[in-house]
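The structure under discussion appears below in the form of structure tokens.
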Amino acid sequence: MEKVKIIQTAHYVPEMVVTNDDLSSMMATSDEWISKRTGIKRRHISLSANTSDLCTKVAQELLYVSGWQASELDLIIVATMSPDAYTPATAAIVQGNINAANAFAFDLGAACSGFAYAFDVASQFITSGRAQKVMVLGGEVLSKLVDWEDRKTAVLFGDGAGGVLLTPSTDQAAVLASDLRTFGQEAAKLSAGVNPPLAAWGGVNPRTISAFAMDGHAVYNFATREVPASLRRACHQAGITVDKVDHFILHQANERIIKVIAKRLQLPRERFAVNISEYGNTSAASEPILLDELVKQKQIKRGQIIALSGFGGGLTVGTQIIRY
């Protein structure tokens, strides 16, 4: 079995920034109210670029900094809950944009756990020998799914994309373990883009796709219960205890959730990096954006153990333990 190594990281966010004060001019909210409950201060919003555009920016950066040619790629996976369209897949659009003629490409939908799920799928292709050079992207334009009059959800989400290049490894760097869980009985707790079937045959039957709907209390309880459990299972599978993890790269849904997870694992808060204040909740993009920032800041170094963990719609949770 091949080992899997992260070769390169990258991310991209739109230039437009919407602050909490900007939102307070649109709805009954305030910077204090949003910051205290979520840790969010601002978010990046895309006005004209779609999810494939953001992902293409990341793909181009990954190729540039790695020195890889697009023609060398075997596989491209895009994790997203805000695709450009039902079809073609956002990954197919990215593949065409960068002219990765030898890569097959598909999307993976697991909401805020999407990057973790896509990372695991990509790893399986590599360890089985089916692929050698793989690009995994998490990209979202969640602003098109937000009801900008609903202050409970509108303040939470932002747009952005991030990604990694993966390849077989012969050295220490490797994916050590993975834990994926789905709790479909709780699916209704978090939804967006619900597209109902026809109500009647014939005549005008306009389709309406729903905005975000979330039971915040239920999702909070789910995350603070299941993420620590997933991290412990993955560490056990890797043959280590959670205290051996150097950096926890968690989905940036809410700063309070991350603080509770750190407390329940009885670990120093400093191991749990947070950037939600700048980006808000970017769903499948949040982990690769944070990962790339920490790599570029040289906080993450080769040989360190990192945990990637996403959680959200499905409801789902997904964790990887990686020796970077």
Side-chain angles (χ1 to χ4, degrees), residues 1-12 51-80 83-84 88-110 114-139 160-178 180 249 284-285 287-296 300-304 306 308 310 318 320-324:
M1 295 284 283
E2 297 274 14
K3 294 181 180 179
V4 180
K5 180 178 182 178
I6 298 175
I7 294 295
Q8 197 63 59
T9 64
H11 81 277
Y12 175 81
T51 305
S52 65
D53 299 307
L54 305 190
C55 288
T56 297
K57 292 279 192 182
V58 176
Q60 291 168 335
E61 176 69 12
L62 286 169
L63 293 174
Y64 176 76
V65 294
S66 67
W68 287 10
Q69 300 299 310
S71 59
E72 298 178 65
L73 292 172
D74 301 310
L75 168 62
I76 300 170
I77 305 176
V78 172
T80 185
D84 288 22
T90 302
I93 300 172
V94 173
Q95 186 252 22
N97 287 346
I98 64 174
N99 196 27
N102 297 313
F104 62 102
F106 58 87
D107 290 355
L108 190 151
F115 185 77
Y117 275 55
F119 194 105
D120 185 82
V121 170
S123 297
Q124 299 301 322
F125 273 100
I126 292 172
T127 57
S128 68
R130 291 283 309 280
Q132 296 289 305
K133 293 189 174 184
V134 179
M135 180 180 288
V136 182
L137 305 170
V164 296
L165 293 178
L166 303 179
T167 194
S169 169
T170 57
D171 58 24
Q172 251 196 338
V175 177
L176 304 179
S178 183
L180 308 180
I249 313 299
E287 290 168 73
I289 289 174
L290 179 56
L291 174 63
D292 182 50
E293 287 192 329
L294 295 178
V295 169
K296 284 185 167 56
I300 290 180
K301 302 176 178 64
R302 288 294 179 187
Q304 289 185 322
I306 63 175
L308 298 174
Q320 277 84 38
I321 306 299
I322 300 164
R323 181 181 290 111
Y324 185 76

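Side-chain atoms are counted along with the backbone in the values below, which use heavy atoms only and exclude waters and symmetry mates.
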- line: For Phe104, the side chain to side chain contact (heavy atoms under 4.5 Å, CB included) test, sequence neighbours excluded, returns Leu75, Phe106, Phe125
task: Return the set of residues passing side-chain hydrogen bond (donor to acceptor under 3.5 Å, both in side chains) with Gln69 (not counting sequence neighbours), or none when no residue passes.
output: none
message: Nearest 0.5 angstrom please: Thr56 OG1 to Asn97 CG, how far?
response: 4.0 Å
- line: Glu293 meets the side-chain hydrogen bond (donor to acceptor under 3.5 Å, both in side chains) criterion, sequence neighbours left out, with Asn275, Tyr279
field: Non-neighbouring partners of Asn102 that pass side-chain hydrogen bond (donor to acceptor under 3.5 Å, both in side chains), sequence neighbours left out
entry: none
- prompt: With a 4.5 Å limit on heavy-atom distance, are the side chains of Arg302 and Lys5 in contact?
  reply: yes
task: Indicate yes or no: at least one non-hydrogen side-chain atom of Val136 is less than 4.5 angstrom from one of Val134.
output: yes
Qualifying salt bridge (charged side-chain N to carboxylate O under 4.0 Å, His left out) pairs with a residue from residues 129-138, counting only residues at least two apart or across chains: Glu72-Lys133
task: Report the residues that fulfil side-chain hydrogen bond (donor to acceptor under 3.5 Å, both in side chains) with Lys57, sequence neighbours left out, ordered by chain and then residue number.
output: none
query: If you round to the nearest 0.5 Å, how far is CG of Leu166 from OG of Ser123?
result: 6.0 Å
Set of residues satisfying side chain to side chain contact (heavy atoms under 4.5 Å, CB included) with respect to Ala100, sequence neighbours excluded: Ala70, Leu73, Ile76, Gln95, Ile98, Ala103
field: Distance in Å, Leu308 CG paired with Glu287 CD, rounded so as to fall on 0.5 Å steps
entry: 5.5 Å
message: Please report the interatomic distance OG1(Thr9) to CG(Leu291), rounded to the nearest 0.5 Å.
response: 5.5 Å
message: List the residues meeting side chain to side chain contact (heavy atoms under 4.5 Å, CB included) with Asp120, not counting sequence neighbours, and say none if there are none.
response: Gln124, Ser178, Leu180, Gln320
- line: Contacts of Asp292 meeting salt bridge (charged side-chain N to carboxylate O under 4.0 Å, His left out) (sequence neighbours excluded), chain-then-number -> Lys296
task: With sequence neighbours excluded, tell me which residues meet side chain to side chain contact (heavy atoms under 4.5 Å, CB included) with Ser52.
output: Asp84, Thr90, Ile93, Val94
